[in-house]
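Have a look at the structure below before the remarks.
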Protein chains: 2
Amino acid sequence: MDLSQRKQKILKAIIDEYIGTAEPVGSRAISKKDDLGLSSATIRNEMADLEDMGYLIQPHTSAGRIPTDSGYRFYVDSLIERYKMSVEALEKLNMIMAERVNHLELIIKKASLIASTLTEYTTVVTSPKLNGSVIKKLELINLGHGSVMILVVTKTGIVKNQSVAVTLSDKQASELTKIISDRVSGLSSDELTFDVIKDIEKTAKKKADIPPKVLINILNFVYETIDSLDETEIYVNNAKSILSYPEFSDTKKAREMLEFLDNKENLVKLIGTPKDNVDVKIGTENEFTELENSSLVTVNYKVGDKVVGRIGVIGPKRMNYAKVIASLDCISNQVDKILGEMYREESEE
Amino acid sequence: MDLSQRKQKILKAIIDEYIGTAEPVGSRAISKKDDLGLSSATIRNEMADLEDMGYLIQPHTSAGRIPTDSGYRFYVDSLIERYKMSVEALEKLNMIMAERVNHLELIIKKASLIASTLTEYTTVVTSPKLNGSVIKKLELINLGHGSVMILVVTKTGIVKNQSVAVTLSDKQASELTKIISDRVSGLSSDELTFDVIKDIEKTAKKKADIPPKVLINILNFVYETIDSLDETEIYVNNAKSILSYPEFSDTKKAREMLEFLDNKENLVKLIGTPKDNVDVKIGTENEFTELENSSLVTVNYKVGDKVVGRIGVIGPKRMNYAKVIASLDCISNQVDKILGEMYREESEE
DNA sequence: TGTTAGCACTCACCTCTTTCGAGTGCTAAC
DNA sequence: GTTAGCACTCGAAAGAGGTGAGTGCTAACA
């Protein structure tokens with residue numbers, strides 16, 4: 001059954017009020033808002049209807065109403081007003097994003113920081129999953145006394161390094177660097193199969209004088225390092241903000257939430273897979289019970305047309321959805337633009 | 001005035017009890033501990049004396065006593081028992097530290113993680129301030145389309161990189177890499193003065209065909225990157241643990257503390273400068289009011305004889321000092337050993 | 001002279017009761 | 001259909017005792 005215009009207005013007024021105060025909303029509070037000139041009695045009748053329909057509940061008989069998850073859902077789907085980003089917010093966003101950086105990670109960290117600054121909620125972002133970063137440079141650096149560093153740089157400016165406990169001479173290191181580098185640079189990380197590694201092993205055996213055991217050890221680590229280029233990283237920002245909300249005035253709850261936010265696996269599950277562009281999950285719509293009193297808003301960000309990562313905001317169910325959605329939308333657009341440019345450059349070459 | 005043996009025993013018993021329960025300690029509770037066969041009345045008299053001397057206070061007339069800051073101070077200085085690390089703890093420590101790593105930062109992060117695991121309090125560590133990491137490798141990598149990455153690796157395996165928005169050809173990049181690298185590798189970071197940079201500029205102008213503006217821009221960033229090798233980093237671990245303690249059951253207090261722990265400047269001030277080997281600061285002994293209900297235990301860690309960084313544990317005033325001190329002592333010894341080895345290798349070469 | 005039993009006293013905390021008021025639903029009148 | 005009015009509900013705040021863990025002090029004892 002559809003909601004009458006009036007019911008919608010009332011529901012919206014109630015949720016707006018509740019988002020601001022976190023207190024059950026009474027009929028009088030709504031009737032005093034003069035936009036709809038109705039008495040509290042009328043509002044009461046309508047509220048009773050809305051409760052029957054499952055959009056509101058009373059925490060106890062003599063209290064006002066608070067929205068249910070379906071109430072919020074209806075609000076988010078149909079009632080929400082377009083939030084106009086403030087000029088200052090937009091300026092801030094543009095300013096921070098304008099500094100040009102060539103580290104994908106840095107861009108994403110920035111985006112996360114901006115999101116948490118604009119919304120004042122906790123943000124969670126995944127680093128771009130590019131599946132095929134092109135290797136620009138690979139080098140073995142002899143650190144001396146039994147350890148060699150493997151260093152890989154991609155065209156997009158990702159740097160990974162790892163130490164291996166093997167002994168090489170400087171000459172061996174540079175020979176091997178050349179052999180591996182020749183075969184590997186220009187390759188994308190997913191083109192580096194075990195066959196390629198085998199291939200390198202053969203060449204190295206012929207050309208360089210390195211004990212087979214050492215060689216295999218190094219090549220394994222090379223594979224690992226390059227493989228790790230595509231690993232999804234997760235960054236959490238402003239987790240402490242949850243302590244500002246009455247929903248978490250119980251430290252035990254707060255601690256559980258912080259522990260949840262510390263667990264990368266949870267978070268990957270939570271926001272790891274691409275969904276609709278702007279995705280809102282309210283309370284129990286989330287797959288984790290830890291979030292049954294929270295909401296999660298996520299957006300994708302893309303390179304070209306391909307979704308490569310996500311930015312999410314976690315806050316209390318009564319979060320300012322309009323603002324969060326608008327902010328994330330802006331931010332993801334900016335990120336798309338910047339990554340788009342970087343990507344275009346890469347494919348042009 | 002000195003404390004009689006008996007008073008010391010009683011004070012110790014009270015503080016031990018309070019550390020466990022966080023509740024004011026009454027005379028009966030102490031007299032029931034049969035180690036000193038005294039009636040509660042006697043204990044009461046002694047407690048009254050200890051209160052007069054400033055080691056204890058009563059939160060209110062009809063409550064037990066709790067230690068004052070001076071009480072804790074006396075406890076820490078004179079009464080504390082040597083804590084015997086459990087075999088499991090030592091094993092864990094050895095196991096984690098045994099994996100050999102050549103990244104200074106990784107070692108320190110590990111140490112911090114272990115400290116927070118062993119003590120269950122928040123840990124704060126500073127990265128090693130070596131003042132003179134020796135540069136092993138410096139490279140300019142042309143990422144194409146107006147950006148060049150500067151990459152520096154030290155002998156100890158620190159990797160720093162930064163992008164500059166300039167356009168170079170691959171040839172120019174490799175020429176310049178050679179010029180800079182020749183002059184700079186083997187140098188320690190504090191030997192890289194502006195004079196050296198000027199020197200490089202001159203050489204580059206002669207040998208390479210690079211617009212002066214671009215050159216200066218790049219060299220500035222090179223300087224900056226190398227300079228940043230010696231920056232102190234601060235890592236905080238397990239900050240959320242404060243939520244477990246009744247001292248922070250008020251979320252406002254907890255939030256303030258978490259904000260304090262987020263502010264790197266505060267933390268650098270707090271633990272940045274070397275002090276006695278094991279340093280305990282109780283409550284108001286700390287220079288920050290945010291810590292007036294907390295205690296801070298710090299240890300130095302060294303390379304050879306030189307103190308290069310510190311590890312600290314922040315917890316409630318009624319923390320388990322014996323355990324924390326013992327744990328930190330162990331950890332710093334381990335770190336000293338590992339860093340000592342790394343350093344020896346470096347100077348041998 | 002140090003120790004202890006005994007006792008009066010204090011005061012936070014708990015529980016029980018009361019009051020208060022914000023909110024409701026229902027009914028009758030407009 | 002809307003609204004004024006009223007009885008009703010019930011959580012939260014305020015008040016009133018009661019309880020008990022703690023104290024300090026005194027007097028008696030070894």
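Residue numbering restarts at 1 for every chain, and letters A, B, ... go by the order of the sequence lines. Keep in mind the model is a prediction, meaning the values are calculated, not measured.
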- Item | Nucleotide nearest B:R6 when distance is taken to its side chain, options D:dT3, C:dT3, C:dC11 | C:dT3
- Message: With salt bridge (Lys or Arg N to Asp or Glu O under 4.0 Å) as the rule and sequence neighbours excluded, what pairs involving residues 68-80 of chain B come up?
- Response: B:D69-B:K317, B:R73-B:D77, B:R73-B:E285
- Task: Give the intermediate values and the outcome of side chain to side chain contact (heavy atoms under 4.5 Å, CB included) for residues B:R318 and B:T21.
- Result: CA-CA 9 Å; B:R318 48 169 200 95; B:T21 61; over 6 Å; no
- B:K275, NZ atom: more than 12 neighbouring heavy atoms under 6.0 Å: yes
- What dot-bracket string describes DNA chain C from 5' to 3', counting Watson-Crick and G-U wobble pairs whose defining distances are under 3.5 Å, with [ ] for crossing pairs and | for pairs to another strand? ||||||||||||||||||||||||||||||
- Message: Nearest heavy atom decides the nucleotide; on that basis, is B:H60 or B:L38 closer to the 5' end of DNA chain C?
- Response: B:L38
- May I have the step-by-step check of ring-ring contact (aromatic ring centres under 6.0 Å, His included) for A:Y55 and A:Y72, ending in yes or no? CA-CA 8 Å; A:Y55 294 121; A:Y72 283 119; over 10 Å; no
- Message: Side chains of A:C330 and A:L90, heavy atoms from C-beta outward: is any pair under 4.5 Å?
- Response: yes
- Going through the checks in order, is the side chain to side chain contact (heavy atoms under 4.5 Å, CB included) test met by B:D262 and B:V236? CA-CA 8 Å; B:D262 253 11; B:V236 178; over 6 Å; no
- Determine, step by step, whether A:I242 and A:Y121 satisfy the side chain to side chain contact (heavy atoms under 4.5 Å, CB included) criterion, reporting the C-alpha distance in whole Å, the side-chain angles of both residues, the deciding distance to 0.1 Å, and the verdict. CA-CA 7 Å; A:I242 63 162; A:Y121 298 112; over 6 Å; no
- Message: Measure CG/A:D49 against P/D:dT2 and give the value in whole Å, please.
- Response: 11 Å
- Task: Take A:Y75 and A:Y18, measure what ring-ring contact (aromatic ring centres under 6.0 Å, His included) needs, and give me the verdict at the end.
- Result: CA-CA 12 Å; A:Y75 176 83; A:Y18 185 68; over 10 Å; no
- In B/S/- notation, 5' to 3', how is nucleotides 20-26 of chain C contacted by protein heavy atoms closer than 4.0 Å? --BSBBB
